[in-house]
Protein chains: 2
Amino acid sequence: MSRSSEAINQLIHILDERGWSATTVDDLAKEAGISRATFFRVYGSKEDLVFADHEEMIERLEAFLERTDHDIASAMREGLALVFRYHLEDEGRTLARHRLLKQSTQLRNRELLTSHTYERIFRHWLRRRLGPGLAAEPVAVSLSGAAVALHNAFLRKWLAEPSPGVLSEFTAEAKKLIHVVLSGYELEGKLRSSAGVKGPHAVVALVGESADTEEICEAVRSALNHSRGE
Amino acid sequence: MSRSSEAINQLIHILDERGWSATTVDDLAKEAGISRATFFRVYGSKEDLVFADHEEMIERLEAFLERTDHDIASAMREGLALVFRYHLEDEGRTLARHRLLKQSTQLRNRELLTSHTYERIFRHWLRRRLGPGLAAEPVAVSLSGAAVALHNAFLRKWLAEPSPGVLSEFTAEAKKLIHVVLSGYELEGKLRSSAGVKGPHAVVALVGESADTEEICEAVRSALNHSRGE
DNA sequence: TCATGTCAAGAGACTGAGTGCCAAGTGGCG
DNA sequence: CGCCACTTGGCACTCAGTCTCTTGACATGA
């Protein structure tokens, strides 16, 4: 898994350097040390290669939404943050892909398609979580559409001018949007957590007064790893 | 214009009957009484042929938004209705295309792309109409995303079960959505100025017993965002 | 040790989309 | 009529993606 994803990153880099249309599948296969036929078996297509890692992200998001105990608004916001953080995670890969996308409308279009996958995931999850009710369907549809659009707008902003503050700006805007839509449709009642009777852990992390969210999370992570013996 | 659009309808019909992948460009060119080369010159590609009429719709929408005297909410609603009505207008063509789309994921993906074009048009128009202001950008992004998602949902519903009442149902829902978003952000904008100076705060994260490290971090992040953002 | 089944990979032919080039029409227009 | 710009057809070419057949590595089992 990790080896193949490195191979993918390398191939994307090659496509970025030599140009999307100037690089043939033969070139890529030769570069990867496999035959042309094997290339198609492994990666599906030249296009799929560039977005192979999105599959993983989609699984992560679905797993998160499936298992979360958060209330609807928090889970939605955190799901969106999860996706956003994924793009910031490997800046080299994301920027290389972005340069690549500028070369070909075909690739840009493919990129846009991934939005619909995220939108669909949120929509279906919202439908389930909102349950039956008059406003559930339009809220599921509109909120997922709006939230993914917001995500894309902030991602575009970050691609144009990478800065670490974008994530928290995005999270704040997403929070506002979710609140506006849910309360506007009078679904505040659904905002409560659906968490069951599971007993809570107590976790104490000590951090400096000026710590930001990520620093605190890091402290929590290390405290957990310590106490759990990982 | 009208002659060529009839030719397009006929070719779409042929694609629908014989199958998308079973019909080659040679077949289509022969059917249209032109050479293969001319086919590509005129229609661009096999895929473009299926969505050629969308170009016209996009121009209609842009012209309407550019010239309308309506207030923002009414113009938005009427613009959406304009697009929706266009699909209902020629039921034969829309249903034939829909049958065609079921045959090929490639075509379905292409269809999804047109959403982004509409979304972009509404977004740019909303930016211009909302003018400068703190909430203008997120509203332009979110509302266009949500509105187009709503449009697509109602269109899917109509395609599954055509009924004339869908248009008015859609218009009503769109009106509600636009009102919720616009009024929701106006309210937020007024409340923001009264936000006080941040003091120290306590953070409590409650997670399920089976939560792993990452889930706990998500919960901490969520709790922080909750307490800091208010 | 050898026979057998399985599976991943390679080799190569084949289809079909899309591009580029050139030659042959097909009108206007002086 | 002859010149010109523009359109169309014919044709070769590249390359993505599919399909089939073969080969070799590996495991299992008598």
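Note on naming: letters A, B, ... go to the chains in the order of the sequence lines (proteins, then strands), and numbering restarts at 1 for each one. This structure is a prediction, so every number in the text was calculated from the model and none was measured.
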Select from B:Ser35 and A:Thr24 the residue whose nearest nucleotide in DNA chain D is closer to the 5' end of that strand. B:Ser35
Contact summary for A:Ala96 and A:Asp16, nearest pair of heavy atoms: O-CG, 4.1 Å
Distance, rounded to the nearest Å, where A:Gln106 contributes CD and C:dA17 contributes P: 15 Å
Do B:Lys102's NZ or CZ and the ring of B:Trp20 fall within the cation-pi criteria of under 6.0 Å and 45°? no
Return the orientation label for the B:His54 and B:Tyr86 ring planes: parallel under 30°, perpendicular over 60°, tilted otherwise. perpendicular
I need the CG-P distance between A:Asp26 and C:dG12, as an integer number of Å. 12 Å
Under a plain distance cut-off of 3.5 Å, with no hydrogens placed, do A:Ser168 and A:Thr171 share a side-chain donor-acceptor pair? no
Looking at A:Thr38, I'd like to know whether one of its side-chain N or O atoms comes within less than 4.0 Å of OP1 or OP2 on C:dA9. no
Does NZ or CZ of A:Lys176 lie under 6.0 Å from the centre of the six-membered ring of B:Tyr185, at an angle within 45° of the ring axis? no
Establish whether the base of C:dG18 is bridged to the side chain of B:Arg36 by a donor-acceptor pair shorter than 3.5 Å. yes
Quick note, B:Ala37 side chain, CB onward, closest among C:dA17, D:dA16, D:dG9 is D:dG9
Using whole Å, what does the distance between atom C1' of nucleotide D:dG10 and atom NZ of B:Lys30 come to? 13 Å
Looking only at D:dA16, C:dG18, C:dG20, the nucleotide nearest the A:Phe40 side chain is D:dA16
A:Leu49 has an atom CG; how far is it from atom P of D:dG17, in whole Å? 11 Å
Whole-Å distance, B:Phe39 CZ to D:dG9 P, equals 13 Å
Round to the nearest Å and state the distance from B:Asp48 atom CG to C:dG18 atom C1'. 11 Å
Which residue lies toward the 5' end of DNA chain D, A:Arg41 or A:Ala22, if each is placed at its nearest nucleotide? A:Ala22
Tell me: CH2 of A:Trp20 to C1' of D:dA16, nearest whole Å? 10 Å
In whole angstrom, give the distance that lies between atom CD1 of A:Ile34 and atom C1' of D:dG24. 18 Å
